[in-house]
Amino acid sequence: MKQRFLVLLLVASLGTITTQAQLPKVSKPNIGNLLTQFAGALKPTSFLGSWASGGKTDWLSTASKVVDAAGAAKSVSSLAGFIKPDMFKSGFSVDGLLKTANTVNTISSAAGLLKNLEGGLKPEALLSSWASKRPGWLSALNLLK
């Protein structure tokens with residue numbers, strides 16, 4: 001009876017250790033990371049030529065380091081400027097996005113600005129893989145405060 005108890009205890013302990021080892025690390029979403037994820041979801045053909053001739057490298061370098069609302073708004077505005085005008089949905093105002101960017105003062109409003117840009121793009125501007133990544137990306141944006 002004692003051996004059976006020890007075996008059950010050992011199996012239960014191993015199960016707990018295995019379960020704990022498999023838990024993913026959850027960290028607070030980072031606006032810079034979410035900006036670069038979104039830029040990576042855009043098809044290369046959605047961008048103006050200036051993106052490929054240095055704009056992409058400069059933008060990614062800056063955007064990946066963004067940690068505040070002002071930096072995020074500037075990155076969203078800049079990214080919008082690199083996107084071909086015909087990639088935006090009819091009725092979407094890039095000028096309106098830029099005006100809104102000038103009023104952003106919280107990280108949650110910066111997240112809203114990025115969502116607005118994403119929502120203003122035609123589906124063909126985005127890679128097909130974006131459809132499966134989008135829900136997690138939106139959830140992460142919603143966690144930003």
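We count residues from 1, following the sequence as given. A quick note: this is a predicted structure, and the numbers were derived from the prediction, not measured.
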Please round to the nearest 0.5 Å and tell me the distance separating atom [atom1] of [X] and atom [atom2] of [Y].
| X | Y | atom1 | atom2 | result |
| --- | --- | --- | --- | --- |
| Leu143 | Leu138 | CG | CG | 11.0 Å |
| Thr103 | Leu98 | OG1 | CG | 11.5 Å |
| Thr106 | Asp68 | OG1 | CG | 11.5 Å |

Trace of the side chain to side chain contact (heavy atoms under 4.5 Å, CB included) decision for Leu42 with Leu121: CA-CA 10 Å; Leu42 292 164; Leu121 292 171; 3.4 Å; yes
Tell me the closest heavy-atom pair linking [X] and [Y], and the distance in Å.
| X | Y | answer |
| --- | --- | --- |
| Gly120 | Phe92 | CA-CD1, 3.4 Å |
| Val66 | Ser75 | CG2-OG, 3.5 Å |
| Trp59 | Leu35 | CH2-O, 3.5 Å |
| Ala125 | Ser46 | O-OG, 2.8 Å |
| Phe47 | Ala39 | CZ-O, 4.1 Å |
| Lys115 | Leu141 | CG-CD1, 3.6 Å |

Is there a side-chain contact between [X] and [Y], using heavy atoms and a 4.5 Å cut-off?
| X | Y | result |
| --- | --- | --- |
| Pro85 | Leu48 | yes |
| Ser78 | Lys74 | no |
| Asn30 | Leu144 | no |
| Phe38 | Val76 | no |
| Leu117 | Leu113 | no |

Using modelled atom types and a 3.5 Å cut-off, is there a donor and acceptor pairing between side-chain atoms of [X] and backbone atoms of [Y]?
| X | Y | result |
| --- | --- | --- |
| Ser61 | Asp58 | no |
| Asn116 | Gly112 | no |
| Thr100 | Gly96 | yes |

Examine the side chains of Glu118 and Trp130 and answer whether a donor and an acceptor come within less than 3.5 Å of each other. yes
NZ/Lys99: more than 12 non-hydrogen atoms of other groups inside 6.0 Å: no
Near Lys89 NZ, under 6.0 Å, is it more than 12 heavy atoms from other residues, nucleotides or ligands? yes
Kindly determine whether Asn33 and Trp137 satisfy side chain to side chain contact (heavy atoms under 4.5 Å, CB included), including the steps that lead there. CA-CA 10 Å; Asn33 186 5; Trp137 180 81; over 6 Å; no
